[in-house]
Amino acid sequence: MRELVYFVAVSLDGRIASPDGAFDAFPTSGDHFAMIIADWADTLPAPALAALGVEPDGSRFDTVLMGWNTYAVGLPGLTEPYPHLTQIVFSRTRTADDVGPSVRRTDRDPIDVVRELKSQHGGDIWLCGGGVLAAAQLPEIDRLVPKVNPVVLGDGKPLFDGAGYSPTDFALTHSTAYASGVVVGDYRRSRSR
């Protein structure tokens, strides 16, 4: 069965972006990038793939889910950030005219969309961000893979924005610390609660 995987960069204090949605506080180089290129190439946007000469093989993901603010980071120039994946953007205020031609915009309930995707044949589903969408999909997240960066933002977009108090157990399956200071953990949902 397909899994929903939240693979995301995060600060030590649980922020995935600055208050204005920027990611520039996170390191842009380091030994952890070799792991991303080797193991998570499906999560690299088209310009990065082209610059690196990397061809994603679709072995990890075939679908990416984004909230509007995550998608809009590349606008106006990058309307098809992940053309090698099925791209779905969640927004209640934007229309299909606001996204690239191969990007699907939906205002449907995120849980319903994920459950429908999980019932179909295919690769895993990457939850790219943001925090509001992650909070809405928390009941369906099977794996949480945070790339914890060695920086405290102090404020910004939280990893789960608006989930409220909702203890959800995940078990650490493995973790790798890099010389860059980035620590990547892989957590699987515990179904015990």
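Note that the numbering runs from 1 along the sequence shown for the chain.
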Q | Atom CD of E55: over 12 foreign heavy atoms under 6.0 Å | A | no
Less than 4.0 Å between a side-chain N and a carboxylate O, is that true for E3 and K118?
-> no
Under 4.5 Å between any side-chain heavy atoms of V184 and S175, yes or no? no
In this structure, OG1 of T176 is separated from CE of M35 (nearest 0.5 Å) by 7.5 Å
task: Look at the side-chain heavy atoms of Ile, Leu, Val, Met, Phe, Trp and Tyr, link any pair under 4.5 Å apart, and say whether M66 and L49 land in one connected group.
output: yes
Value for NZ (K147) from OG (S180), rounded to nearest 0.5 Å, stands at 11.5 Å
Closest non-hydrogen contact found for D31 with A179 is OD2-N, 2.9 Å
Output for pair (S18 OG, L153 CG), nearest 0.5 Å, gives 7.5 Å
**Message:** So that I know where these two stand, are Y6 and F160 an aromatic pair - ring centroids less than 6.0 Å apart?
**Reply:** yes
**Message:** Within the structure provided, determine whether V114 and L65 are in side-chain contact (heavy-atom separation under 4.5 Å).
**Reply:** yes
Distance col, row K157:NZ vs L159:CG, nearest 0.5 angstrom, shows 14.0 Å
Verify same cluster id: F170, V8 (apolar side-chain graph, 4.5 Å) | yes
Worksheet entry | Close side-chain approach of R189 to T168, heavy-atom, < 4.5 Å | yes
ask   = Under 4.5 Å between side-chain heavy atoms, hopping through other hydrophobics if needed: is there a path connecting W126 to F33?
value = yes
Heavy-atom nearest pair, D39 first then R60, reads O-NE, 2.7 Å
Legend entry - R188/D142 salt bridge by N-O under 4.0 Å criterion: no
Exercise for review: Go through the steps for D42 and D57 under the test side-chain contact (heavy atoms from CB on, under 4.5 Å), then give the verdict.
Suggested key: CA-CA 7 Å; D42 293 341; D57 63 6; 4.1 Å; yes
Nearest heavy-atom approach of R105 to S91 is NH1-O, 2.8 Å
Hey, can you tell me if Y82 and H84 have their rings parallel, tilted or perpendicular (30° and 60° cut-offs)?
perpendicular
Q) Taking NZ, NE, NH1 and NH2 as the nitrogens, is one of them in R2 or D62 under 4.0 Å from a carboxylate oxygen of the other? A) yes
*Contact check, side chains of E140 and I111, non-hydrogen atoms, under 4.5 Å*: yes
- Side chain proximity check, Q137 to F90, heavy atoms < 4.5 angstrom: yes
side-chain contact (heavy atoms from CB on, under 4.5 Å) evaluation trace for D161 with R15: CA-CA 10 Å; D161 190 358; R15 305 298 177 167; over 6 Å; no
Rounded to the nearest 0.5 angstrom, the CD1-CD distance for I125 and Q120 is 8.0 Å
The residue among F61, W40, Y187 that forms ring-ring contact (aromatic ring centres under 6.0 Å, His included) with F7 is W40
Original post:
For T95, does its backbone N or O pair with a side-chain atom of D98 as donor and acceptor, under 3.5 Å?
Top reply: yes
Using side-chain heavy atoms (C-beta onward) and a distance below 4.5 Å, is P27 in contact with N149? yes
| task | Answer yes if L127 and M1 sit in the same cluster of Ile, Leu, Val, Met, Phe, Trp and Tyr residues linked by side chain heavy atoms under 4.5 Å apart, and no otherwise. | result | no
Between I16 and A9 the two heavy atoms that sit nearest each other are CG2-O, 3.4 Å
Any T63 side-chain heavy atom under 4.5 Å of I88 side chain | yes
>> Working note: V99 + T79, criterion side-chain contact (heavy atoms from CB on, under 4.5 Å); need CA distance, chi angles, decisive distance, verdict.
In response: CA-CA 6 Å; V99 298; T79 60; over 6 Å; no
Taking every heavy atom of T70 against every heavy atom of G129, the minimum-distance pair comes out as OG1-C, 3.1 Å
Heavy-atom closest pair (S190 atom, A171 atom, distance to 0.1 Å) is OG-N, 3.5 Å
task = Step by step, work out the side-chain contact (heavy atoms from CB on, under 4.5 Å) result for V89 and R104.
result = CA-CA 6 Å; V89 174; R104 187 174 115 204; over 6 Å; no
Side-chain contact, heavy-atom cut-off 4.5 Å: V182 with P150? yes
When rounded to the nearest 0.5 Å, the distance separating CG of L172 from CG of D186 is 8.0 Å
Same cluster (ILVMFWY, side-chain, under 4.5 Å), L144 and F26: no
| Side-chain donor or acceptor of S166 paired with backbone N/O of A163 under 3.5 Å | no
